[in-house]
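Reading through the structure tokens given below for one structure.
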Amino acid sequence: MPTEQITIATARGYDLAGALEMPTGLVRGAAVFAHCFTCTKQSKAAVEVTRALARQGIATLRFDFTGLGGSGGDFGRAGFASDIEDLVASADHLCTRFGGPILMIGHSLGGAAVLAAADMIGHDRIAGVATIGAPSDVPHVLGNINGDLAAIERDGQGEVTIGGRAFHLSREFLDRTRAIDLPEVVGRLRLPILIAHSPTDQIVGIENASALYEAARHPKSFISLGEADHLLTRADDAHFIADIIAAWGARYLPMKADWPHPETGVVVCTGHGKFGTEVHTPSHRFVADEPRGHGGDDTGPTPYDLLNAALGTCTAMTMKMYADRKGLPFEGARVAVTHERDCDHCEEDDAKVQALHREITLLGDDLTAEQRDRLIEIADKCPVHRTLEGTLHIHTTRGE
């Protein structure tokens, strides 16, 4: 997916480092993703979920909290309140760029942070909040800290380890982390909330999801993540919850007013990335792209894939229509189409002659040889085949 490296200014005078995952097609909405405690925007869950959401048309920002990864500031003095301030700044950035309202998504302690931040940001700019493995008791994260917390409270600061990494923490960090009553905050929200949690989570127990769900007001939803671990280390788990969030969020995200909705024909709009292009028919929408080997992001079929598919699908439909009308024991067809320069005609005056090669495999053991021959003849009568082999003119006009 196209990834933009961005910086977000904070009121405290330093910048947050962010990565904005953009859809290759048009943007249907935006979201901010908050990573887990002491993780960074490069954590597996952050990368997989944000990119999966971008594939669903949702521009998604992941960023490093204060003092982590590439962001400025002092993690040891930040605490949970600072995470909330970082999310407010990030949400402001997205709302300014995309017009809002946006989705707020958080993993682990980041899930608790997005709930608290949504309460501060305001309902007019937040479309919904989704949490993944979030704690209901924010101070519980202090139990994951190896160090003498009592000494830090006495002396004002001290060294600890979290997840095997060394950090310098202050008394302020402990105080600010203990100060939040998350269920009370959640009870004030009047926003759609999606709570996702694994019943086998060994770090943040499933009872945390129950407490958050009980505190939340409707519309609220719960999704069980089955056998997923807390950090979503399996890509399949991250993709699953991203797809769920995208489908859930579509109900609340505003579709862009300028999206084309053709009554007939096809409308194509330039998207993001090098070649990403949005294709709209009267009832469908999808992305066309180029392979990575050609500089694209490989998020959709290529233009020639679509050309080959037009001939192949029309061929299969035409044969089936004929077989149904004649009552033939036809069980379907497999049509393989490839495109290349037609070297059999390279010596002709127009050396740009090209060819589509079509291989048709007829299914149905009871078809007679005569019926098979007739179906192959019918394949050549499909409308797309006739269009391609006929005299085709392309008339271009300049739109306003």
Side-chain angles (χ1 to χ4, degrees), residues 28-36 45-46 48-62 87 91 94 100-138 181-201 203-232 234 236-255:
R28 65 185 256 203
V32 60
F33 182 94
H35 61 69
C36 55
E48 294 287 352
V49 172
T50 54
R51 289 181 176 172
L53 285 167
R55 284 192 289 271
Q56 297 287 345
I58 301 174
T60 309
L61 170 67
R62 49 190 167 91
L87 278 164
L94 284 185
I102 64 171
L103 295 177
M104 299 195 71
I105 305 162
H107 178 212
S108 190
L109 187 62
V114 296
L115 289 167
D119 185 48
M120 294 180 60
I121 294 170
H123 295 185
D124 59 326
R125 293 191 296 163
I126 304 300
V129 182
T131 67
I132 306 167
S136 59
D137 178 20
V138 173
D181 181 353
L182 193 60
E184 192 273 334
V185 170
V186 171
R188 292 199 302 265
L189 293 179
R190 299 293 189 273
L191 291 168
I193 294 177
L194 172 66
I195 299 168
H197 214 109
S198 170
T200 56
D201 192 323
I203 297 177
V204 179
I206 189 65
E207 67 276 5
N208 287 269
S210 299
L212 291 176
Y213 189 85
E214 180 67 24
R217 296 175 179 270
H218 284 292
K220 58 183 178 179
S221 305
F222 173 77
I223 293 292
S224 176
L225 296 180
E227 299 302 315
D229 59 28
H230 180 71
L231 293 178
L232 298 183
R234 295 189 307 179
D236 286 350
D237 293 327
H239 293 166
F240 169 75
I241 188 56
D243 290 343
I244 292 294
I245 291 172
W248 166 82
R251 186 176 185 89
Y252 308 107
L253 282 172
M255 302 296 282

With a 3.5 Å distance limit and no angle check, can you tell me whether [X] reaches the backbone of [Y] through a side-chain donor-acceptor pair?
{"X": "Asn208", "Y": "Gly205", "value": "yes"}
{"X": "Arg55", "Y": "Asp243", "value": "no"}
{"X": "Arg234", "Y": "Leu232", "value": "no"}

What closest approach, in Å, do [X] and [Y] show between heavy atoms, and which atom pair accounts for it?
{"X": "Leu212", "Y": "Pro135", "value": "CD1-O, 4.1 Å"}
{"X": "Gly133", "Y": "Asp201", "value": "CA-OD2, 4.3 Å"}
{"X": "Ala127", "Y": "Leu253", "value": "CB-CD2, 4.1 Å"}
{"X": "Ala216", "Y": "Ile193", "value": "CB-CD1, 3.9 Å"}
{"X": "Val204", "Y": "Ala134", "value": "CG1-O, 3.7 Å"}
{"X": "Val185", "Y": "Leu115", "value": "CG1-O, 3.9 Å"}

Worksheet entry | Sequence neighbours excluded, every pair satisfying side chain to side chain donor-acceptor pair (under 3.5 Å) that has a member inside residues 213-229 | Asp229-Thr233
Is there a side-chain contact between [X] and [Y] (heavy atoms, below 4.5 Å)?
{"X": "Asp237", "Y": "Ile241", "value": "no"}
{"X": "Leu189", "Y": "Ile126", "value": "no"}
{"X": "Ile121", "Y": "Leu87", "value": "no"}
{"X": "Met104", "Y": "Leu191", "value": "no"}

Worksheet item: Taking His107 as the fixed residue, which of His230, His35, His197 is the one that meets the ring-ring contact (aromatic ring centres under 6.0 Å, His included) rule?
Response: His230
Practice prompt. Using the side chain to side chain contact (heavy atoms under 4.5 Å, CB included) rule, take Ile244 and Phe240 through it: C-alpha gap first, then chi angles, then the decisive distance, then the call.
Written response: CA-CA 6 Å; Ile244 292 294; Phe240 169 75; 3.9 Å; yes
Discussion item. Does Arg251 have more than 12 heavy atoms from other residues, nucleotides or ligands lying within 6.0 Å of its CZ?
Written reply: no
Response to the item:
side-chain hydrogen bond (donor to acceptor under 3.5 Å, both in side chains) filter on Thr200, not counting sequence neighbours, yields Ser198
